[in-house]
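These notes are about the structure you will find just below.
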Amino acid sequence: MPEGPSIVILKEAVELFSGKKVVSVSGNSKKIDLHRLPSQKVIAFRSWGKHFLICFKDFFLKVHFLMFGSYLINDRKPQDPRLSLVFKNGELNLYSCSVNLLEGTADELYDWSTDVMNDAWDPKAAKKKLKERPTALICDALLEQDIFSGVGNIIKNEILYRVKVHPESAVGKIPAAKLSRLIKEARIYSFEFLEWKKEYKLREHWLAHTKKTCKRCDLPFTLKHTGSKKRRSFFCTNCQILYN
DNA sequence: TATAATGTTTGAAC
DNA sequence: AGTTCAAACATTAT
């Protein structure tokens with residue numbers, strides 16, 4: 001569920017509730033005051049990276065699905081929803097996610113240029129931030145939500161394989177042209193992820209994530225928990241260059 | 001059945 | 001006081 005493109009799919013799927021008034025609310029969320037919601041009209045559903053935003057007039061809900069969150073539209077799971085929003089034309093149920101209510105507007109709080117899925121995505125800003133962290137490993141930097149909002153571990157692994165960069169490469173040692181290519185690929189792959197996910201064909205397009213052998217050279221992949229984030233990296237030590 | 005996984009925040013420990 | 005790290009949360013497939 002969690003990576004940026006999946007949130008874009010959610011945003012599109014709930015468009016039928018955009019502009020609609022919340023009829024009733026329930027859920028086991030302890031962080032928000034559910035009484036704020038009934039009779040409020042949804043102004044927009046938005047996304048910023050892995051954040052799913054439900055915007056009302058003077059406030060908005062920030063939903064994060066973490067590792068296991070899920071949602072159902074006009075359907076329910078056996079367990080209690082974290083938050084359930086009922087509209088005249090249907091309902092949205094959110095499970096095991098984190099929900100926060102923030103005052104003001106999303107535009108006041110978010111920098112849309114960091115979101116790889118957003119039209120405002122600014123690769124130059126990403127490059128600038130990477131230059132400020134020369135000693136960071138690229139596997140960690142790609143997961144930094146302030147640089148690549150929406151990029152998760154799957155996207156990380158696929159990008160690094162595509163651009164032939166070893167996950168433990170130091171950001172500052174990667175040649176400028178290669179780094180630009182990598183930043184560009186962050187957006188390109190994220191959109192391919194989006195299309196494949198919509199067709200339920202995401203997995204079959206993985207070339208690195210969870211893979212055992214490299215399709216390019218036929219040698220076995222390395223699986224290692226890399227960087228300070230210690231997330232799984234699948235990579236080919238033959239094809240992917242280590243810059244250090 | 002135990003484990004690990006598309007993730008982040010929190011607060012203790014250093 | 002700044003950094004690091006484990007714990008917590010929660011679901012599902014292998």
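Because the structure is a prediction, the values reported are computed rather than measured.
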Self-check item: Distance, P atom - from C/dT4 to B/dT6, rounded to whole angstrom
Solution: 23 Å

Quiz item: Should A/His205 and A/Leu207 count as side-chain neighbours, where that means a heavy-atom distance under 4.5 Å?
Solution: no

Exercise. Could you grab the distance from atom CH2 of A/Trp206 to atom CZ of A/Phe234, nearest 0.5 Å is fine?
Key: 8.5 Å

Quiz item: Does a donor on one side chain and an acceptor on the other come within less than 3.5 Å for A/Lys77 and A/Ser70?
Solution: yes

Quiz item: Given pairs defined as Watson-Crick or G-U wobble with both distances under 3.5 Å, what dot-bracket annotation applies to DNA chain C, with ( ) intrastrand, [ ] crossing, | other strand and . unpaired?
Solution: .||||||||.||||

Exercise. Sticking with atom P, work out how far B/dT1 lies from C/dC9, rounded to a whole angstrom.
Key: 23 Å

Exercise. Would you confirm whether the ring centroid of A/His166 sits within less than 6.0 angstrom of the ring centroid of A/Phe235?
Key: yes

Quiz item: Would you call the rings of A/Phe45 and A/Phe52 parallel, tilted or perpendicular, where under 30° means parallel and over 60° means perpendicular?
Solution: parallel

Every protein N/O within reach of nucleotides 8-14 of chain B N/O, cut-off under 3.5 Å:
residue	atom	partner	partner atom	Å
B/dT8	OP1	A/Lys50	NZ	3.4
B/dT8	OP1	A/His64	NE2	3.4
B/dT8	OP2	A/Lys50	NZ	3.3

Quiz item: For the ring pair A/Tyr161 and A/His209, is the centre-to-centre distance below 6.0 Å?
Solution: no

Exercise. Using the P atom as the reference point in each nucleotide, state the distance between B/dT9 and C/dA1 in Å, no decimals.
Key: 23 Å

Quiz item: Atom CH2 of A/Trp206 and atom C1' of B/dA5: how far apart are they, to the nearest Å?
Solution: 10 Å

Exercise. Scan side-chain atoms only and decide if A/Ser47 and A/Lys11 contain a donor-acceptor pair under the 3.5 Å cut-off.
Key: yes

Self-check item: Side-chain H-bond candidate by donor/acceptor type, A/Asn28 with A/Arg82, under 3.5 Å
Solution: yes

Exercise. Take the protein atom CZ of A/Phe68 and the nucleotide atom C1' of C/dT14, then report the distance between them rounded to whole Å.
Key: 14 Å

Quiz item: Is there a residue in residues 75-82 of chain A whose heavy atoms reach under 4.0 Å of DNA chain C, and which residues are they?
Solution: A/Lys77, A/Gln79, A/Arg82

Exercise. Starting from C1' on B/dA4, measure out to NE2 on A/His209 and report it in whole angstrom.
Key: 12 Å

Quiz item: Using a distance-only test with no angle check, is there a side-chain donor-acceptor pair under 3.5 angstrom linking A/Thr114 and A/Trp48?
Solution: yes

Quiz item: Would a 4.5 Å heavy-atom cut-off, applied to side chains only, mark A/Trp112 and A/Asp107 as touching?
Solution: yes

Quiz prompt | A/Phe193 CZ - B/dT6 P separation (whole Å) | solution = 11 Å

Quiz item: Rounded to whole angstroms, how far apart are NZ on A/Lys212 and P on C/dT14?
Solution: 13 Å

Practice problem: Please check the phosphate of B/dA5 (OP1 and OP2 only) for any side-chain N or O of A/Arg232 closer than 4.0 Å. | Solution: yes

Quiz item: For the pair made of OH in A/Tyr95 and P in C/dT12, what is the distance, rounded to whole Å?
Solution: 10 Å

Self-check item: Whole-Å gap separating P (C/dC9) and CG (A/Asn100)
Solution: 16 Å

Quiz prompt | Rounded interatomic separation in angstrom, taking CG from A/Asn153 and P from B/dA5 | solution = 9 Å

Quiz prompt | Side-chain donor-acceptor contact under 3.5 Å, A/Ser149 with A/Lys50 | solution = no

Quiz prompt | Below 4.0 Å: OP1/OP2 of B/dA5 and any side-chain N or O of A/His225 | solution = yes

Quiz item: Is it true that the side chains of A/Asn244 and A/Lys173 contain a donor and an acceptor less than 3.5 Å apart?
Solution: no

